[in-house]
Number of protein chains: 2
Amino acid sequence: MNEKVMGIGVVCELTGLSERQIRYYEERQLISPNRTQGRTRKYSFEDVEKIKEIQQKMMEGFNTFEIRQLAAKNRLKFKYSLI
Amino acid sequence: MNEKVMGIGVVCELTGLSERQIRYYEERQLISPNRTQGRTRKYSFEDVEKIKEIQQKMMEGFNTFEIRQLAAKNRLKFKYSLI
DNA sequence: CGTGTAAGGAATTCTGACACG
DNA sequence: CGTGTAAGGAATTCTGACACG
């Protein structure tokens, strides 16, 4: 489910993280929610899964930059595997 | 997906209906969203599908009471089919 | 019956900043 | 670097009511 439908409050509940943390991960370009005409962020279940992975990596000691790198590599690996 | 995660604004976009219509269908007990600690309603994708069906039935000329009856019958039929 | 709307309030979310470390 | 927090504002949603038909 990659439809951007939930507000940050629901994401907090689903992940157990604070709004601050979730917005920070966006600032660090680890996730990219949509915005309504106003300014409110909308997340997908896929975003929630990403956040949970970020959460996991953070606990393993990675910093946001490294997690960003890991994500990029995985996308690349996945890309080539499609050839 | 029966997780109650989206606000009424998103449901309006996904169904093309107004907030008024969606709240009215709830009043008529055709759908039952959750509520946050505050009072804001939260809907699931399943609710959205239900709303689309309601929408369809309304266009076919059924009134909310009849639609409620139809839904009840279908649940009953489904229940027995499980025996 | 089903839906639109203006009204006033309450809950939700937003940004930028200061703080700690 | 990653996160908490108080501050003020803006967007979102809520209820009850009046209206039309």
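Values below: every heavy atom of this structure, side chains too, minus hydrogens, waters and symmetry copies.
- When all heavy atoms of B:S18 and B:C12 are compared, the pair lying nearest together is C-SG, 3.8 Å.
- Shown for residues 58-68 of chain B: no residue has heavy atoms falling under 4.0 angstrom of DNA chain D.
- For DNA chain C, no neighbouring residue in residues 44-55 of chain B is found when judged by any heavy atom under 4.0 Å.
- Look at CD1 on A:I22: it is 10 Å from P on D:dG4, rounded to the nearest Å.
- Note on A:Y25: a side-chain N or O is less than 4.0 Å away from OP1 or OP2 of D:dT3.
- Note: B:I8 CD1 to B:E13 CD = 12.0 Å, rounded to the nearest 0.5 Å.
- Scored by the side-chain hydrogen bond (donor to acceptor under 3.5 Å, both in side chains) test, A:S44 finds A:D47 as partners (sequence neighbours excluded).
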Strand DNA chain D as a dot-bracket string - pairs counted if Watson-Crick or G-U with both distances under 3.5 Å, | where the partner lies in another strand
.||||.||.|.|.||.||||.

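- Summarising the geometry of A:V5 relative to B:V10, their closest heavy-atom pair is O-CG2, 3.3 Å, with the distance given to 0.1 Å.
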Identify each donor-acceptor pair in which a side-chain atom of residues 26-33 of chain B lies under 3.5 Å from a protein atom, sequence neighbours left out, and give them as a table.
unit_1: B:E26; atom_1: OE1; unit_2: B:R41; atom_2: NH1; d: 2.9
unit_1: B:R28; atom_1: NE; unit_2: B:T64; atom_2: OG1; d: 2.8
unit_1: B:R28; atom_1: NH2; unit_2: B:T64; atom_2: OG1; d: 3.4

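- Put simply, B:Y24 has no side-chain N or O that comes within less than 4.0 Å of OP1 or OP2 on C:dT3.
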Distances under 3.5 Å between protein N/O atoms and the N/O atoms of nucleotides 12-15 of chain C, please, pair by pair.
unit_1: C:dT12; atom_1: OP1; unit_2: B:T36; atom_2: OG1; d: 3.0
unit_1: C:dT13; atom_1: OP1; unit_2: A:G9; atom_2: N; d: 3.2
unit_1: C:dC14; atom_1: OP1; unit_2: A:R41; atom_2: N; d: 2.7
unit_1: C:dC14; atom_1: OP1; unit_2: A:R41; atom_2: NE; d: 2.9
unit_1: C:dC14; atom_1: OP2; unit_2: A:R23; atom_2: NE; d: 3.1
unit_1: C:dC14; atom_1: OP2; unit_2: A:R23; atom_2: NH2; d: 2.9
unit_1: C:dT15; atom_1: OP1; unit_2: A:R35; atom_2: NH1; d: 2.9
unit_1: C:dT15; atom_1: OP1; unit_2: A:R35; atom_2: NH2; d: 3.1
unit_1: C:dT15; atom_1: OP2; unit_2: A:R41; atom_2: NH2; d: 2.3

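- With sequence neighbours excluded, no residue satisfies salt bridge (Lys or Arg N to Asp or Glu O under 4.0 Å) with A:E46.
- The salt bridge (Lys or Arg N to Asp or Glu O under 4.0 Å) test applied to A:K42 returns no partner, not counting sequence neighbours.
- What you find for B:Q55 and B:T15 is that their closest heavy atoms are OE1-O, 3.3 Å.
- Nearest heavy atoms, A:I67 versus A:K57: CD1-CB, 3.6 Å.
- Projected onto DNA chain C by closest heavy-atom contact, B:E27 and A:R20 fall at different nucleotides, the more 5' of which corresponds to B:E27.
- Residues passing the side chain to side chain contact (heavy atoms under 4.5 Å, CB included) test with B:E49 are B:K52, sequence neighbours excluded.
- With sequence neighbours excluded, the residues satisfying side-chain hydrogen bond (donor to acceptor under 3.5 Å, both in side chains) with A:E19 are A:R23.
- The side-chain hydrogen bond (donor to acceptor under 3.5 Å, both in side chains) test applied to A:T40 returns A:T36, not counting sequence neighbours.
- Under the rule for a side-chain hydrogen bond (donor to acceptor under 3.5 Å, both in side chains), A:R39 has no partner lying at least two apart in sequence or in another chain.
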